[in-house]
Protein chains: 2
Amino acid sequence: MQVASAGLSSMPSPALPFPVSVAFSGMSPAFRSALGRTLRFQRGAEVYAEGNLADHLYKVVAGAIRTCRILPDGRRMIAHFALQGDLFGLDGVQHHRFFAEAVTDTVVIAFPRKEITEWVSREPGAAHSWNTYTLEKLTAAQDRFIMLGRRTAAERVAAFLLDLADRGQRPDESIDLPMSRYDIADYLGLTSETVSRLLSNLRKNRIIAEQGSHRFRILNREALEERADEESI
Amino acid sequence: MQVASAGLSSMPSPALPFPVSVAFSGMSPAFRSALGRTLRFQRGAEVYAEGNLADHLYKVVAGAIRTCRILPDGRRMIAHFALQGDLFGLDGVQHHRFFAEAVTDTVVIAFPRKEITEWVSREPGAAHSWNTYTLEKLTAAQDRFIMLGRRTAAERVAAFLLDLADRGQRPDESIDLPMSRYDIADYLGLTSETVSRLLSNLRKNRIIAEQGSHRFRILNREALEERADEESI
DNA sequence: CGTCGGATTGAGAACGTTCAAGGGGCGTGG
DNA sequence: CCACGCCCCTTGAACGTTCTCAATCCGACG
């Protein structure tokens, strides 16, 4: 499993001067764990449960994490997919209001929130960086309201693929979908059957090409963007 | 129009020591405007447009505000209703990504964000308060994902009424719905007809009683909570 | 008293779900 | 190495919830 350069460096414009923001790549495991503890999770393993004390923030080094909630009747909603380089764990003030699981075998670094708080109050500019980061997250969440409230199934799936493509940043427009159709459905507020049908439809229309059920390549980005009804800002 | 005691006091547990947190009620307009500018908007008037510089934060003194976005084909989504005492305007890092309108005739106070930033960096504890506030907003947004992605129309309407009842804090379980059925629909990801039908249904089942189309009273809170499928945490 | 915007109600259509069956990939065990 | 089983994915058909279109109603206001 490839280990990415880590730290809290996926932060906003003024890169976070938090000590962990240095690249971890070449560091010894001992030093790395002094800044943030490295944890490994097997596919399906729980990182934290709903209700747990939210005393850490996590960064995905490799793999993928989903944060979910399950309703009493079994309906599940996925709030967020954290991919390589993404932070997660900000789903509650005191206690986690979602649970987090590994989508695939995953390596994360856990940073005590206390340290972040101290860093924010200590370093000049840190408060601004941190604030910008949470504000960006808030803004992204609001965009998702529109997705879930006003977009059709086809638009959601197309937008999801584009989002993954942009986050993946692969040169050849290939998309790695580590999660199952069920996961995608629970992220988009659909059913796995609908997701499957819509992916098939995109394949039939030569907009995407399948390379195994968890890897796609965008053949016609323009058409995909049209289906996502991209209205930027 | 009744004017509430104002300031940024609707903030998290450790009340914000931002200068404007003092009650405005008895102050002269001159002094009030030195801290935050008081603005009045007629029903339907725009507070800010999508794309405007997000250089202020607003507090509703009286009335109600909606923050919305409209898709190219006319579909509209309302991200947030700001009622008496609520803050709004945090819908973008640099520029507003939604527009804000007055639902009814409304009085708001506009605080320059610059002042808030300065206050956060100046006052001890302010950073923590502010951070907690944005984190609470982020958490609330995540809860809304479940609402929009996994709840039925009936559950959404019931939960919406309970939310308004709790925010309104009226002793007699009466709910003031300043917004139209269209607004409610665009907030819940439904159509106005569906909202209307479900409200009629609640009325027929003696769960709520109508007191004019913009005021309801909860007759049977237990039944309403059951329909909202309340699963706390 | 008439007009207008919003609210309500009905009927039919559509989108997405549900239920059901079949297929395929992968790991495990024989 | 092959067979089996387990997921997960795919596809089909029927169903149901919600939307769309349309008519009517109601209350506020001139």
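Chain letters run A, B, ... following the sequence lines, proteins first, then strands; residues in each count from 1.
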**Study point:** Donor-acceptor contact below 3.5 Å, side chain Asp73(A) vs main chain Arg75(A)
**Key:** yes

Review point. For residues Asp91(B) and Tyr48(B), is any side-chain donor paired with an opposing acceptor at under 3.5 Å?
Key: yes

Check your understanding: Asp86(B) side chain to Leu83(B) main-chain N or O, any donor-acceptor pair under 3.5 Å?
Key -> yes

Practice item. Indicate yes or no for a side-chain donor-acceptor contact from Asn52(A) to the backbone of Ala49(A) under 3.5 Å, with no hydrogens or angles considered. Key: yes

**Study point:** Backbone of Ser196(B) reached by a side-chain donor or acceptor of Ser200(B) within 3.5 Å
**Key:** yes

Check your understanding: Does the cation-pi check pass for Arg69(A) over Phe98(A), that is, NZ or CZ under 6.0 Å from the six-membered ring centre and within 45° of its axis?
Key -> yes

Review point. How long is the line joining CG of Asp73(A) and P of dT18(C), in whole Å?
Key: 10 Å

Review point. Where the side chain of Asn201(A) meets the backbone of Arg197(A), is there a donor-acceptor pair that is under 3.5 Å apart?
Key: no

Revision key, fill the gap. In numerical order, the residues of residues 174-187 of chain A whose heavy atoms come under 4.0 Å of DNA chain C are none

Review point. So what does Arg150(A) hit on the nucleic acid, given a heavy-atom distance under 4.0 Å: a base, only sugar-phosphate, or nothing?
Key: nothing

Which atom pairs link the protein and nucleotides 28-30 of chain D when you take only N or O atoms and keep those under 3.5 Å?
none

Practice item. Encode nucleotides 9-16 of chain C as B, S and - characters from 5' to 3', where the letter depends on protein heavy atoms closer than 4.0 Å: B to the base, S only to sugar-phosphate, - to neither. Key: BBB----S

Practice item. Let me know the distance between CZ of Arg215(A) and P of dG25(C), rounded to the nearest Å. Key: 17 Å

Point to revise | Thr106(B) (side chain) donor-acceptor with Ala64(B) (main chain) under 3.5 angstrom | key: yes

Point to revise | Side-chain (His214(B)) to main-chain (Leu177(B)) donor-acceptor, under 3.5 angstrom | key: yes

Review point. With respect to the phosphate group of dC8(D), does any side-chain polar atom (N or O) of Arg43(A) fall under 4.0 Å of OP1 or OP2?
Key: yes

Exercise for review: For dA7(C), take OP1 and OP2 only and decide whether either is under 4.0 Å from a side-chain N or O of His214(B).
Suggested key: yes

**Study point:** Spacing of Glu210(B) atom CD relative to dG6(C) atom P, expressed in whole Å
**Key:** 17 Å

Check your understanding: Between the main-chain N or O of Arg151(A) and the side-chain N or O of Arg156(A), is there a donor-acceptor pair closer than 3.5 Å?
Key -> yes

Point to revise | Arg217(B) (side chain) donor-acceptor with Ala209(B) (main chain) under 3.5 angstrom | key: no

